[in-house]
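Beneath this line is the structure, given in structure tokens, with notes to follow.
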Amino acid sequence: MAQTLVPSLQCPKGIACNSRRMVSTKLWNSLLVPSHGRRSRKGGNAFKVLAVSTDKSGVVSRLEDLLNLDTKPYTDKIIAEYIWIGGTGIDIRSKSRTIAKPVEHPSELPKWNYDGSSTGQAPGEDSEVILYPQAIFKDPFRGGNHILVICDCYTPAGEPIPTNKRYRAAQIFSQQKVIDQVPWYGIEQEYTLLQTNTKWPLGWPVGGYPGPQGPYYCAVGADKSFGRDISDAHYKACLYAGINISGTNGEVMPGQWEYQVGPSVGIEAGDHIWCSRYLLERITEQAGVVLTLDPKPIEGDWNGAGCHTNYSTKSMREDGGFEVIKKAILNLSLRHQDHISAYGEGNERRLTGKHETASIDTFSWGVANRGCSIRVGRDTEKKGKGYLEDRRPASNMDPYVVTSLLAETTLLWEPTLEAEALAAHRLQLQV
């Protein structure tokens, strides 16, 4: 059987690896390529599931055969994976249930419940939390008509629980002034891959450091790019699921990657980011690699991980939109601390004014300046319309919070004329 050298991949528990950490090409291909051959049927799986193979005999295990079964020819029933956000506000939980037939809209799905005392979201004596289906995506792991369902969480009385940030975001996006402006979001999700047993970045020598940053950004080569198969598998899984993923690239710190989702409108941006994170967690789980969204996973002269959020409204995208962008920047400057407090845990370790960040304490903006809080592209300045990039959100931010707060601050919140004039003077903005 052909073998692929994976320098830093940790072997799953219970699977023997030789000293060169060789992983079978068949195993890696099962993450990346469609299922063909005798198991391939119309409506079958688009992605095979990584499973244990018996290298001694060279025969794929029966477990993999069962995981890749196409149930469509035998039953109309489908599997729905209900996905929700746990008690930390960043952990993702899910469980499965059978649905009698394929559905087109979340409203066709039943509500469900779970034990909130086991996720840090309810007390033991009143532990029931209700899942409300909100968005449906195709399931790239099970294939066929099976689905992934993004849910938010409520008490049995129908009140949103404290960790349900989607509820408040939906309220903001449902206001007519926001609807009329058709807010677009393009979110750049950075993440870091860690070796399972050591929690040290993928590709790094255990307990040591690689060479300085410089050769790794968008790089190719076994000594510079670590985790490409995971990035590519995630890219394809997102496309299959119906997530509006628009690109991916290796990042400045080795073992760190980024993908972009958008343009997405309103609440859809948060749904797509959370589903994409779920897919990434599942793929890294199968590959035996740990995913972290820590905004500064390695201290020192290494880039952190952010979630830059590109934002525009209908007025910004039309002629004269640069003036609307500058007015939005004024508003954002006046609510800087409100945004910082909502932009992710541990962000103070990342927003230091170094490594392409602005200081967490000071609001700034600039054209083509990646050291500012808000960056405006050269093309936007030239055309006089376009979008702005908020570079402050951390990689572990809640996209429901960030997207709705941007809409609220720039479309619904109005500062006093005095505060606006002072901010304009301080930022050297003429509006």
Side-chain angles (χ1 to χ4, degrees), residues 183-192 213 217-218 246-253 256-264 269-270 273 293-297 301-313 316 322 325-381 386-410 423 426-429:
W184 287 3
Y185 298 91
I187 299 176
E188 306 169 23
Q189 175 69 70
E190 294 179 342
Y191 61 93
T192 308
Q213 294 184 154
Y217 174 69
C218 296
S246 51
T248 187
N249 60 269
E251 266 302 331
V252 177
M253 190 184 87
Q256 193 176 87
W257 291 81
E258 174 191 300
Y259 63 91
Q260 303 89 34
V261 173
S264 304
I273 283 290
L293 298 183
D294 189 301
K296 187 70 173 179
D301 195 17
W302 304 97
N303 273 36
C307 209
H308 304 152
T309 302
N310 300 279
Y311 169 67
S312 71
T313 63
M316 294 178 185
F322 195 28
I325 291 172
K326 288 193 287 184
K327 174 61 169 66
I329 290 171
L330 277 181
N331 283 20
L332 290 168
S333 74
L334 291 168
R335 299 190 78 191
H336 177 61
Q337 290 305 322
D338 293 331
H339 283 253
I340 288 296
S341 65
Y343 274 13
E345 294 295 326
N347 212 11
E348 71 283 351
R349 294 182 284 115
R350 169 181 161 263
L351 295 181
T352 61
K354 300 177 180 178
H355 305 111
E356 301 180 273
T357 70
S359 168
I360 196 169
D361 299 316
T362 306
F363 181 89
S364 57
W365 82 284
V367 175
N369 186 345
R370 284 178 162 78
C372 285
S373 308
I374 303 293
R375 182 182 71 89
V376 175
R378 291 279 184 208
D379 198 48
T380 294
E381 181 187 45
Y387 67 96
L388 61 85
E389 177 192 32
D390 192 340
R391 298 181 59 80
R392 297 170 294 175
S395 52
N396 59 7
M397 63 83 153
D398 188 324
Y400 294 133
V401 173
V402 170
T403 56
S404 61
L405 190 55
L406 280 168
E408 181 183 53
T409 296
T410 61
R426 183 172 65 252
L427 296 172
Q428 297 182 329
L429 272 172

Any sub-3.5 Å donor-acceptor pair from R391's side-chain atoms to R370's backbone N or O?
-> yes

Please list all pairs passing the salt bridge (charged side-chain N to carboxylate O under 4.0 Å, His left out) test where one or both residues lie in residues 354-369, with sequence neighbours left out.
-> none

When you measure from the side chain of S395 to the backbone N and O of C307, does any donor-acceptor pair fall under 3.5 Å?
-> no

Within 6.0 angstrom of E345 CD, more than 12 heavy atoms from elsewhere | no

Step-by-step side-chain contact (heavy atoms from CB on, under 4.5 Å) determination, F363 to I329 | CA-CA 10 Å; F363 181 89; I329 290 171; 3.9 Å; yes

Any donor-acceptor pair under 3.5 Å from H339 side chain to S333 backbone | no

Any residue meeting salt bridge (Lys or Arg N to Asp or Glu O under 4.0 Å) with D390, in chain and number order, not counting sequence neighbours | R392

Only counting residues at least two apart or in another chain, list the ones meeting salt bridge (Lys or Arg N to Asp or Glu O under 4.0 Å) with E381.
-> R378

Which atoms form the tightest heavy-atom contact between T352 and T357, and what is the distance?
-> N-OG1, 3.3 Å

For residues L332 and L406, determine if any side-chain heavy atom of one lies less than 4.5 Å from a side-chain heavy atom of the other.
-> yes

Going through the distances and angles, do Y400 and I273 end up as a side-chain contact (heavy atoms from CB on, under 4.5 Å)?
-> CA-CA 9 Å; Y400 294 133; I273 283 290; over 6 Å; no

How far apart are the C-alpha atoms of W184 and M316, what are their side-chain angles, what is the distance that settles it, and do they pass the side-chain contact (heavy atoms from CB on, under 4.5 Å) test?
-> CA-CA 10 Å; W184 287 3; M316 294 178 185; over 6 Å; no

Ignoring hydrogens and angles, tell me if any N or O in the side chain of N303 forms a donor-acceptor pair with the backbone of M253 under 3.5 Å.
-> no

CH2 of W302: more than 12 outside heavy atoms within 6.0 angstrom?
-> yes

Does E258 use its side chain to pair, donor to acceptor, with the backbone of N249 at less than 3.5 Å?
-> no

Using modelled atom types only, decide if a donor and an acceptor are shared between the side chain of S373 and the backbone of W365 within a distance under 3.5 Å.
-> no

Whether over 12 other heavy atoms sit under 6.0 Å from F322 CZ = yes

Tell me, do V252 and H355 make a side-chain contact under 4.5 Å, heavy atoms counted?
-> no

Does G353 offer a backbone N or O that forms a donor-acceptor pair with the side chain of S359 under 3.5 Å?
-> no

Using modelled atom types only, decide if a donor and an acceptor are shared between the side chain of R350 and the backbone of G304 within a distance under 3.5 Å.
-> no

In sequence, state the C-alpha distance, the side-chain angles, and the governing distance for D301 and Q213, and then conclude on side-chain hydrogen bond (donor to acceptor under 3.5 Å, both in side chains).
-> CA-CA 8 Å; D301 195 17; Q213 294 184 154; 5.1 Å; no

Is a side-chain donor or acceptor of S312 paired with a backbone partner of N310 at a separation under 3.5 angstrom?
-> no

Hey, mind stepping through T192 and D294 against side-chain contact (heavy atoms from CB on, under 4.5 Å) and telling me if it holds?
-> CA-CA 8 Å; T192 308; D294 189 301; over 6 Å; no

Scanning both residues in full, the closest heavy-atom pair of Y387 with I325 reads N-CD1, 3.8 Å

